Student: 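This is the structure, below, for whatever I ask next.
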Amino acid sequence: QVQLVESGGGLVQAGGSLRLSCAASGRTYSTYAMGWFRQAPGKEREFVTAINWSGGSTVYADSVKGRFTISRDNAKNTVYLQMNSLKPEDTAVYYCAADWGLGLPVADDEYDYWGQGTQVTVSS
């Protein structure tokens, strides 16, 4: 089992920045790909970004490319999401997720473990 706990959400003005963290515990963390998803009110959960087990490969949704950066520190069992140039449409609950294996999945049904989420609100 892997337990995931997100932190770092909050309220920020448009154009501002936030850094989310996701701390993992349990099974061997470094063999998991990690992803971030988000869900806005009334909308389906959507993929944001993912990073493979080594940190050598990443993938981003077009909507966040160039503004968000995912990274991981396997020594600290933590994955980060640096969000810059935030827009009101980035407002959502952000979830981190872990997928056992060496791939880089973008579909939420490929992920095995999920955190409880952290709220990000961007005011205009």
Side-chain angles (χ1 to χ4, degrees):
Q1 292 293 320
V2 175
Q3 293 78 43
L4 304 174
V5 179
E6 303 96 335
S7 61
L11 173 64
V12 64
Q13 289 187 334
S17 298
L18 281 175
R19 188 195 197 199
L20 305 184
S21 299
C22 175
S25 60
R27 291 186 66 181
T28 308
Y29 171 72
S30 61
T31 54
Y32 285 87
M34 298 295 296
W36 287 97
F37 291 77
R38 66 187 182 186
Q39 188 167 20
K43 295 187 177 181
E44 293 187 354
R45 185 165 57 192
E46 65 173 355
F47 172 79
V48 176
T49 180
I51 188 167
N52 76 332
W53 69 277
S54 69
S57 294
T58 59
V59 59
Y60 295 91
D62 288 344
S63 59
V64 306
K65 202 172 294 183
R67 300 188 297 122
F68 290 11
T69 302
I70 189 171
S71 61
R72 67 189 294 163
D73 185 339
N74 287 348
K76 296 182 178 180
N77 291 344
T78 302
V79 64
Y80 305 98
L81 180 62
Q82 178 67 44
M83 305 185 294
N84 299 328
S85 303
L86 282 161
K87 305 175 181 180
E89 50 264 44
D90 294 318
T91 295
V93 177
Y94 283 71
Y95 299 90
C96 71
D99 171 64
W100 172 264
L102 305 179
L104 192 60
V106 300
D108 59 0
D109 60 3
E110 296 185 76
Y111 283 83
D112 304 302
Y113 304 101
W114 291 83
Q116 292 299 308
T118 185
Q119 176 70 47
V120 171
T121 302
V122 184
S123 63
S124 57

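Bear in mind the structure is a predicted one, so any value in this text is a computation, not a measurement. Reckoned from all heavy atoms, side chains included, excluding hydrogens, waters and symmetry mates. Position 1 is the first residue of the sequence, and the numbers go up from there.
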Student: Yes or no on side chain to side chain contact (heavy atoms under 4.5 Å, CB included) for Glu6 and Leu20, after CA distance, side-chain angles and deciding distance?
Tutor: CA-CA 7 Å; Glu6 303 96 335; Leu20 305 184; over 6 Å; no

Student: Filter on salt bridge (Lys or Arg N to Asp or Glu O under 4.0 Å), then keep only pairs touching residues 45-66, sequence neighbours left out; what's left?
Tutor: Arg38-Glu46, Arg45-Asp108, Asp62-Lys65

Student: Nearest heavy-atom pair of Pro105 and Ala50: which atoms, and what distance?
Tutor: O-CB, 3.7 Å

Student: Test of understanding: with side chain to side chain contact (heavy atoms under 4.5 Å, CB included), list the residues that count as partners of Ser71, not counting sequence neighbours.
Tutor: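 Partners of Ser71 by the side chain to side chain contact (heavy atoms under 4.5 Å, CB included) criterion, ordered by chain and then number, come out as Tyr80.
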
Student: List for me each residue that meets side chain to side chain contact (heavy atoms under 4.5 Å, CB included) alongside Ser85, sequence neighbours excluded, and say none if there are none.
Tutor: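 Per chain and number, Ser85 pairs via side chain to side chain contact (heavy atoms under 4.5 Å, CB included) with Arg67.
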
Student: Report yes or no: does Asn74 contribute a side-chain atom to a donor-acceptor pair with the main-chain N or O of Asn77 at less than 3.5 Å?
Tutor: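 No; judged by distance alone, with no hydrogens or angles, the pair does not exist.
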
Student: How close do Ala98 and Met34 get, counting heavy atoms only, and between which atoms?
Tutor: CB-SD, 3.5 Å

Student: Which pair of heavy atoms, one from Thr69 and one from Tyr60, lies closest together, and at what distance?
Tutor: CA-OH, 3.3 Å

Student: Under a 3.5 Å distance rule, please check whether Gln39 uses its side chain to pair with a backbone N or O of Ala92 as donor and acceptor.
Tutor: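 It does not hold such a pair.
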
Student: Restricting to side chain to side chain donor-acceptor pair (under 3.5 Å), what partner residues turn up for Asp109, sequence neighbours left out?
Tutor: none

Student: Checking one residue: Trp114. Which other hydrophobic residues are in its cluster under the side-chain 4.5 Å linking rule?
Tutor: Phe37, Phe47, Val59, Val93, Tyr95, Leu104, Val106, Tyr111

Student: What residues form a side chain to side chain donor-acceptor pair (under 3.5 Å) with Gln82, not counting sequence neighbours?
Tutor: Asn84

Student: Going by side chain to side chain contact (heavy atoms under 4.5 Å, CB included), name the residues that satisfy it together with Leu11, two or more places apart in sequence or in a different chain.
Tutor: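 Thr121, Ser123.
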
Student: Quick one: do Trp36 and Phe68 satisfy side chain to side chain contact (heavy atoms under 4.5 Å, CB included)? Show the steps, please.
Tutor: CA-CA 11 Å; Trp36 287 97; Phe68 290 11; over 6 Å; no

Student: Write out all pairs satisfying salt bridge (Lys or Arg N to Asp or Glu O under 4.0 Å) with one or both partners inside residues 50-59, taking only residues at least two apart or from two chains.
Tutor: none

Student: Please check if the side chain of Thr78 supplies one atom and the backbone of Ala23 the other of a donor-acceptor pair under 3.5 Å.
Tutor: no

Student: Suppose we screen for side chain to side chain contact (heavy atoms under 4.5 Å, CB included). Which residues come up paired with Glu89, at least two apart in sequence or across chains?
Tutor: Lys87

Student: Take Met83 and Asp90 through the side chain to side chain contact (heavy atoms under 4.5 Å, CB included) test and state the conclusion after the steps.
Tutor: CA-CA 9 Å; Met83 305 185 294; Asp90 294 318; over 6 Å; no

Student: If every non-hydrogen atom of Ala24 is compared with every non-hydrogen atom of Val2, which pair is closest and at what distance?
Tutor: CB-CG1, 4.3 Å

Student: Write down the atom of Arg72, the atom of Ile51, and the distance for their closest heavy-atom approach.
Tutor: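 Arg72 and Ile51 have their closest heavy atoms at NH1-O, 3.7 Å.
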
